[in-house]
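In what follows, a structure is listed as structure tokens, so that the remarks can point back to it.
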Amino acid sequence: MIKRIPIIETTEKTGQLVKLNGWVHSRRDHGKIIFIDLRDKSGLIQIVFLPENKEIYQLANALRPEWVISLEGKVQNRPKGMENPKIPTGKIEVAVEKLEILNQAKTPPFEISEEKEINEEVRLKYRYLDLRRERMKNNLILRHKVVKFIRDFMNDKGFLEIETPILTKATPEGARDYIVPSRIYPGKFYALPQSPQQYKQLLMVAGLEKYFQIARCFRDEDTRGDRQPEFTQLDIEMSFITQDDILNLIEELYIEIAEKVAHKKVLQKPFPKFTYKEAMEKFSDDKFDLRKEKDPDVLAFAWVVDFPLFEKTETKELTSSHHPFTAPKDGDLHLLKSNNPKDLLKIRSWQHDLVCNGYEVGGGSIRITNPKIQSRIFEILGHSKEEIHRKFGHLLTAFEYGVPPHGGIATGIDRLLSILADEPNIREIMAFPKTGDGRDLMMSAPNEVSPAQLKELRIKAAK
Ligand code: ASP
């Protein structure tokens, strides 16, 4: 028996017998000759069935798009004038000598082989078919390459990839938490992490110095634009560093990703840096696009720093511009003593945001490591002493045991990829995204659970 090879390798096998497996991509009949394009993960190739070979020809006659087949045949040059310069195997074809139908397929709800506009709800319901399409496959390949590049890069810089829990306690990043009821402790709940923020800071207390993770984050937000309830960040934390060390690391990584992996041009190197005030004066926005022509092959990165530590919520209370672990700038520390919101709003912080082509693609900060300053910030944010202890006691206690100065950043992998792939939204670069309003149409989630399950959890759904 011969060993199956990927379709792309047939380009080096002219004159040889090969075995191929895959899906019928399309079928064309020319007179008596049946042509199909066979597709596997590596590409497409033309397959020819001649009427002379009766048994196989009859079997081939039944073939329909998306049937799964296995075949053996000879790789041969296509007749002159029949070449297809658009595909790598365009000069050759395979004349079949053995054919096996592995599985039949229903007619798909949309054409896999054509790049047409397809209703997105249908695409998401049949995502496994949508992902068969060239565009989606290429996006997943790009995603893999970028993540692999990040892992290698971070490893070379001496970072450890460490996993942090998904079932955990709330970590505020400005959104609502997804919560999971505990069966063993009725009435108690885990929260899914809005980010690994507290864990990564605790890893610094643990002395690991350089942490990173390709981290899944969960945020229950009202449907606002192009957001997903769960998304992926490159999450980083480092000890004994300055803000510039963090910015330089990301800058080096992102330039390499843009140029080496995605073959794009970076508009300005080093990335220009604006204070929040400058950005607001110049662009009236802290997410801006520095490109004159909106060329998708050009990436215009920029840093924004010196954000205000606090901002006002709609109900006029103070909230963190970033999150409550971000350190105030040393020169503004004296203002922390004030109870006047006017003074507090003047405090600048060590927050840094990365923007690219009009999107915020990352953010982070130097952290508070002084338990007194941290408690004061929680107090300003309106937490009572009891609440501070209950919600963040573990962090404050940890900081009493020798905490190194530290800081970090998290950058959005999905957003970066949508920019690199020039896709209009982040759903296009995720394998299994949810709709804009948070539904998984393929799995039908969210969904009711059985009364028995609710009973076990001692939960009653309110009507
Ligand atoms: N945890 C922050 C976020 O998700 C990032 C950071 O401060 O490192 O935005």
Side-chain angles (χ1 to χ4, degrees), residues 150 154 159 161-166 168-178 191-205 208-221 224 227-239 241-251 253-254 276 286-287 303-311 319-329 348-356 359-369 374 377 381 391-392 395 403-416 426:
I150 291 173
M154 297 305 284
F159 283 78
E161 182 169 12
I162 303 174
E163 290 174 82
T164 53
I166 295 296
T168 177
K169 189 170 171 177
T171 277
E173 293 280 357
R176 287 192 190 83
D177 294 314
Y178 282 100
L192 306 186
Q194 290 187 36
S195 83
Q197 186 61 35
Q198 298 189 65
Y199 283 108
K200 67 174 173 175
Q201 292 195 238
L202 291 165
L203 287 170
M204 297 303 106
V205 181
L208 290 154
E209 294 198 27
K210 287 176 159 192
Y211 143 94
F212 87 100
Q213 182 176 193
I214 307 293
R216 198 65 68 82
C217 303
F218 304 86
R219 297 184 192 174
D220 185 2
E221 290 179 292
R224 257 203 292 154
R227 302 237 180 175
Q228 286 280 310
E230 54 180 302
F231 57 93
T232 307
Q233 290 190 332
L234 163 59
D235 196 41
I236 295 175
E237 199 72 10
M238 304 150 81
S239 295
I241 41 88
T242 62
Q243 184 173 57
D244 278 340
D245 291 325
I246 304 170
L247 307 195
N248 292 341
L249 175 85
I250 292 294
E251 203 156 314
L253 171 64
Y254 271 45
Y276 175 79
D286 56 0
K287 303 178 270 298
W303 291 108
V304 184
V305 295
D306 283 356
F307 281 82
L309 185 65
F310 299 110
E311 59 188 26
T319 176
S320 302
S321 304
H322 187 213
H323 52 53
F325 314 109
T326 294
K329 285 219 139 166
R348 286 162 308 156
S349 80
W350 280 108
Q351 178 186 347
H352 37 254
D353 272 13
L354 180 63
V355 299
C356 178
Y359 294 102
E360 185 203 319
V361 292
S365 59
I366 299 292
R367 322 301 181 188
I368 301 165
T369 44
Q374 186 68 76
I377 302 270
L381 294 172
K391 286 189 171 160
F392 306 108
L395 197 71
V403 56
H406 61 277
I409 190 165
T411 59
I413 304 251
D414 310 292
R415 174 61 61 208
L416 172 71
I426 63 172

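Remember, predicted model here, so these are calculated numbers, not experimental data. Note that ligands are numbered from 1 as they come in the structure, with each ligand's atoms numbered from 1 the same way.
Phe325 has its side chain within reach of Gln198: a pair of non-hydrogen atoms, C-beta onward, lies under 4.5 Å apart.
Relative orientation of the Phe307 and Tyr276 rings is tilted, given thresholds of 30° and 60° on the angle between their planes.
Formation of a donor-acceptor pair under 3.5 Å by the Asn248 side chain with backbone atoms of Asp245 is not found in this model.
Among all heavy-atom pairs drawn from Pro165 and Pro193, the shortest one is O-CG, 3.7 Å.
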I'd like to know whether Arg367 forms a side chain to side chain donor-acceptor pair (under 3.5 Å) with Ser365, so could you lay out the CA-CA distance, the side-chain angles of the two residues, the decisive distance to 0.1 Å, and finally the verdict.
CA-CA 6 Å; Arg367 322 301 181 188; Ser365 59; 2.6 Å; yes

*asked:* Using side chain to side chain donor-acceptor pair (under 3.5 Å), reason through Gln213 and Thr164 one step at a time and then give a plain yes or no.
replied: CA-CA 8 Å; Gln213 182 176 193; Thr164 53; 2.9 Å; yes

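Every protein residue with a heavy atom nearer than 4.0 Å to ligand 1 is included here: Glu173, Ser195, Gln197, Lys200, Arg219, Gln233, His322, His323, Gly363, Gly364, Arg367, Gly408, Ile409, Ala410.
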